[in-house]
Amino acid sequence: MIDAHLKFYSYNGKRRVLLVEDELINQEILKQILQDSYEVITAATGEEALAVLREQHDTISIVLLDLNLPDMHGSQVLRFLRSDPKYTAIPVIVMTADSDAEVECLNLGAIDFIPKPYPRQKVILARINRTIELSEDRDILRWTERDHLTGLYNKEFFYHYATQFDMFHKDEPTDAVVLDINSFHMINDRYGKAFGDELLRRIAKQALRLFAGSDGMVCRSVADTFLIYCLHREDYSEKLEALSVLLNEDDKSDIRVRLRMGVYSDVDKSLDIERRFDRAKSAADTVKGSFNKVIGRYDHSLHESEVLAEQLIEDFPSAIRDRQFTVYYQPKFDVTSDKPVLNSAEALVRWNHPKLGFISPGVFIPLFERNGLIQELDHAVWSQAAAQIRDWKKRLNVSVPVSVNVSRVDLYDPELIDKLELLVEKNRLDRSELHLEITESAYTDDAKQMVAAVEELRRLGYKIEMDDFGTGYSSLCMLAELPIDALKLDMQFIRSAFRDRRDTRLLEAMIRLAASFKVPTIAEGVETAEQLFALKKMGCDVIQGYYFSPPVPAEKFEAFLTD
Ligand code: C2E
Ligand code: CA
Ligand code: CA
């Protein structure tokens, strides 16, 4: 696939010249001239030359070609070189006494001439040097257009060519498609980077086969994301199916790779190319993690939600300024004794939007996590929660720990600790009163960095709860090494446990294992008495969920404190 190859220096540090010349005397003269600067390989016949090219084209920087060969005319060698992209990058200088042949040779791709009888040594060397230089520059250019791993265009060039594609297909509807692999990072982790790379190369090869050509083009943008720009077609499921089959066929191992696609159909050509692919990407995101849907489409409702997203981002600064974000509190109950005892609360943010009313964090948190605004929002929430703990202590004389959600971006913030310390100091809290909920998937990003950050926080006295456990990929054994104070079992995980007998055993095993590490477990999303008792029986320590209470405003939460 990779047709742009940079010439390698040969072992002695000199570039290689293939000299195709049958007359010994000429061979000798040229060797004399060249041997100080180049490594010269000679071929005395056309066939010999072709054989060398077939085997060593990668290492040959230039061909010096005599037109009158014993077995063929030099133009046949030129034709051969033009026949395959592997060879077209090799420049050719023709040596001839016949000036009439020049035009024909130029047409066949020769770059320059050396007349016979030979000119002075300096002239010959200068021509050869210059020709090699030019061709290598061109190679480098071609190389940078491409993604080294797959040989596909890189994104910049792809966008550029897509614009050209539009010019050739002005009146035809066109689609922007994003293709990626489900859980690619997991495949990488499990089977190694070499396997991941090989997989990407295979996808590139097959995607190219299926989509490239006169009606489409393919590139790899980042990691496992491929972009396809092509003439409109109604149905992509066949193509995707074909691609999956080819991929899994190619593979000797029995790892099943699942692909996913996002299609922005019949693109609005007034949008710039990048935006068109943003839309395709959003469409792909809608089927992320889905088991039965593999193709997402950019449609009206997605468009609406993007418009909403834009508005929310725009409204964010004024929302912070006007204190539109309020914190609700949901109680967590300790169920280890007969009667449930209030253990702590989780702070959950709500947006009271002046025009849109109450907005659930499910809508804006993922959005703000993507664009980094989450940091400012989280800080506002922590600050409200810290002030609330203090207020309850002062007014009601009760200390109830509150857990706040910490996003993964926060964990990369070098000022995280300073910010927390300031809040603790300002509200005269004990650090153990502020619990930090860190989602499990944050650990899978960069476990080492995460563990270091979390260890530092714990050393200072903050309590760490691992949130959403069971949704990510952490293995149970990892639990032993993670510095955490509590394990929050994910709501979906608990749901499915109660649907399926086998998962109940997994849930039970998890709770038991956590207990063996002296890590208490918290179950969230518990809605029924049946769930509560089952969890309690399994040894779960703390329960949070609608069974006890939904998240409520601070005033309402006080009922749990004064009870
Ligand atoms: P989470 O941290 O897993 O929070 C639990 C979510 O489950 C909350 O949704 C809560 O209202 C809901 N829930 C609690 N009990 C039940 C139940 O029994 N049944 C059902 N169906 N749901 C229950 P909420 O408040 O909509 O928050 C959604 C997510 O938004 C949170 O999931 C959390 O990831 C994020 N979030 C909320 N507030 C913040 C915040 O201040 N900062 C950050 N970074 N994320 C936040
Ligand atoms: Ca949480
Ligand atoms: Ca959670």
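We count ligands from 1, going down the list as the structure has it; atoms in each ligand are counted the same way.
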Answer side chain, backbone, both or neither: which part of I374 comes under 4.0 Å from ligand 1, heavy atoms only. side chain

Is atom 32 (O) of ligand 1 near the protein, in the sense that some protein heavy atom lies at less than 4.0 Å from it? no

Compare all side-chain heavy atoms of R458 with those of K463 and state whether any distance is below 4.5 angstrom. no

Between E306 and S282, does any side-chain donor sit less than 3.5 Å from a side-chain acceptor? yes

For the residue pair S265 / H232, report whether a side-chain donor-acceptor contact shorter than 3.5 Å exists. yes

Nearest option to atom 22 (N) of ligand 1, as decided by whichever heavy atom of F368, Y546, Y547 sits closest: Y546

Could you label the plane-to-plane angle of the W351 and F364 rings as parallel, tilted or perpendicular, counting under 30° as parallel and over 60° as perpendicular? perpendicular

If the threshold is 4.0 Å, N to carboxylate O, is there a salt bridge linking R279 and D268? no

Are any of the N or O atoms of E369 closer than 3.5 Å to those of ligand 1? no

Just by distance, no angles: are the side chains of Y328 and E346 close enough, under 3.5 Å, to form a donor-acceptor pair? no

Applying a heavy-atom cut-off of 4.0 Å, say which part of L348 lies close to ligand 1: side chain, backbone, both or neither. both

Using a distance-only test with no angle check, is there a side-chain donor-acceptor pair under 3.5 angstrom linking D278 and Y264? no

Would the number of heavy atoms belonging to other residues, nucleotides or ligands and lying under 6.0 Å from CZ of R190 be above 12? no

Within the structure, does at least one protein heavy atom fall under 4.0 Å of atom 11 (O) of ligand 1? yes

When you check the side-chain N and O atoms of T521 and K488, is any donor under 3.5 Å from an acceptor? no

Of all the non-hydrogen atoms in the protein, which one sits nearest to atom 46 (C) of ligand 1, and at what distance? I365 CD1, 3.5 Å

Checking contacts now, so for atom 15 (N) of ligand 1, which I'm interested in, is there any protein heavy atom under 4.0 Å? yes

Distance col, row D334:CG vs C540:SG, nearest 0.5 angstrom, shows 9.5 Å

Please write down residue, atom name and distance for the protein heavy atom closest to atom 43 (C) of ligand 1. D378 OD1, 3.2 Å

What protein heavy atom sits nearest atom 7 (O) of ligand 1, and how far off is it? M491 CE, 3.1 Å

Among K281, R220, K288, which one satisfies salt bridge (charged side-chain N to carboxylate O under 4.0 Å, His left out) with D180? K281

Would you please indicate yes or no on a ring centroid separation below 6.0 angstrom for W392 and Y329? yes

Nearest-neighbour protein heavy atom for atom 21 (N) of ligand 1, which is reported as residue plus atom name and distance: E527 OE2, 3.1 Å

Could you pull out the N/O/S protein atoms under 3.0 Å of the Ca ion (ligand 2), ignoring any water? E346 OE2, N405 OD1, E437 OE1, D467 OD2

If you scan protein heavy atoms around atom 30 (O) of ligand 1, the nearest is P361 CB, 3.7 Å

